[in-house]
Amino acid sequence: MSDNNPTIGGYFELELSQRKHYHDGALRLNTARNCFEYILLARNYKKVYIPFYTCEVMLQPLHKHNIAYQFYSIDKNLEPVSIVKLKKDEAFLYTNYFGIKQMMVEYLANFYGNQLIVDNAQAFFSPRLEGMDTFYSPRKFFGVPDGAYLYTDVHLDYNLPQDTSMTRMAHLLKRIDVSAEDGYEDFKNEDSMLDNMPILRMSKLSESILASIEYDAIKLRRRDNFIYLHSRLGDSNLLRVSVDDGMVPMVYPYLQSSTSLRQKLQEHRIYVARYWPNVEKWCNEHDLEVKYMNQILPLPIDQRYGQNEMDRIVKLIRI
Ligand SMILES: Cc1ncc(COP(=O)(O)O)c(C=O)c1O
């Protein structure tokens with residue numbers, strides 16, 4: 001069936017409005033880890049410096065292509081503890097943690113030039129800096145089954161097939177139709193279906209959903225919620241957080257000393273992720289990364305919520 005000869009009439013598809021992609025000029029691929037793989041291949045990197053404090057799936061392309069990597073540590077402000085002298089065929093991967101580290105991205109871009117790879121999986125709204133290989137994972141911000149955006153100036157000479165996403169939709173549908181709890185197993189299964197996939201173009205389904213979103217309203221809502229939580233919780237937050245101009249975070253990272261607060265929130269149906277359980281395997285128990293994994297609560301501030309929900313969270317934390 002050809003896209004050159006589109007259908008007219010017949011039954012309807014899922015009704016989605018047709019706006020624009022937020023990252024309109026980026027390549028559209030299937031996952032952020034595969035954007036990373038694309039860069040590794042297109043630039044022919046032989047070694048990558050990668051933070052201990054990141055998601056395990058980022059190793060998939062390195063293992064697949066047998067590319068050397070070396071972990072580096074971060075400091076209490078989520079910044080690399082030291083600067084590395086890179087060889088020509090080496091890259092430095094930095095994560096824009098929680099969407100609040102754009103200043104550090106700018107600093108590292110000045111230092112490493114285009115050997116920096118910016119992981120904006122947690123920073124959908126942070127702009128690409130000119131010349132920097134930068135990728136995004138929209139499903140951390142919106143209800144899409146998969147998809148990723150990549151900005152790069154180097155291109156692989158492959159004809160990439162297009163992904164399809166319809167078998168990964170159950171969690172999105174169940175969360176609306178049944179409940180968050182009922183869709184959770186589907187979410188985990190469907191997320192793990194993305195493991196070790198080949199590099200593909202973003203599915204039409206994810207493209208359509210992402211082109212239907214009202215990004216401006218979402219940016220405002222996220223910022224307002226973040227600023228609100230910071231005004232209520234900033235004084236007890238052990239992580240230094242500042243609200244920079246234009247910053248649109250993924251979550252409000254609240255660092256606290258209790259290890260039971262996550263559980264308490266969960267008992268009240270407030271679900272807070274743990275970034276990232278794999279860190280425990282890679283680090284020693286006294287390392288900062290392990291502490292951050294256990295003690296940073298990434299509090300939801302997303303577009304589904306407003307002041308009422310933020311107050312529910314604050315009340316539980318403050319008692
Ligand atoms: C910081 C970070 N980078 C990259 C990824 C990978 O994104 P994707 O699942 O789209 O490959 C994740 C998590 O999944 C992540 O947390």
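In each ligand, atom 1 is the first atom listed, and ligand 1 is the first ligand listed.
- Between Asn120 and Asn96, the side chains place a donor N or O and an acceptor N or O closer than 3.5 Å (distance only, hydrogens not considered).
- The aromatic rings of Phe124 and Tyr22 are tilted relative to each other, their planes meeting at an angle between 30° and 60°.
- When heavy-atom distances to ligand 1 are checked against a 4.0 Å cut-off, Ala121 comes that close only through its side chain, counted from C-beta outward.
- Considering only non-hydrogen atoms, atom 15 (C) of ligand 1 lies nearest to Cys55 out of Cys55, Ser137, Ala32.
- Using a cut-off of 4.0 Å between Lys/Arg side-chain N and Asp/Glu carboxylate O, Lys281 and Glu56 are scored as salt-bridged.
- Atom 3 (N) of ligand 1 has its closest protein heavy atom at Asp119 OD2, 2.6 Å.
- For the pair Tyr275 and ligand 1, no heavy-atom separation below 4.0 Å is found.
- Using a 4.0 Å cut-off between charged side-chain N and carboxylate O, Asp89 and Lys47 make no salt bridge.
- Screening residues 286-301 for side chain to side chain donor-acceptor pair (under 3.5 Å) gives Arg274-Asn294 as the qualifying pairs, with residues at least two apart or on separate chains.
- Using a 4.0 Å cut-off to heavy atoms of Val57, the atoms of ligand 1 that qualify are 6 (C).
- Judged by distance alone, the side chain of Arg222 and the main-chain N or O of Pro249 form a donor-acceptor pair under 3.5 Å.
- Close contacts between ligand 1 and Thr95 involve ligand atoms 1 (C) [criterion: under 4.0 Å to a heavy atom].
- The nearest heavy-atom contact from the protein to atom 16 (O) of ligand 1 is Trp276 NE1, 3.1 Å.
- Which parts of ligand 1 touch Lys140 is read off a 4.0 Å heavy-atom cut-off, strictly below it: atoms 7 (O), 8 (P), 9 (O), 10 (O), 12 (C), 13 (C), 14 (O).
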Worked check of salt bridge (Lys or Arg N to Asp or Glu O under 4.0 Å) between Arg304 and Asp302: CA-CA 6 Å; Arg304 295 171 288 184; Asp302 63 70; 2.8 Å; yes

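- Here atom 5 (C) of ligand 1 lies nearest to Met58 when heavy atoms of Arg33, Arg139, Met58 are compared.
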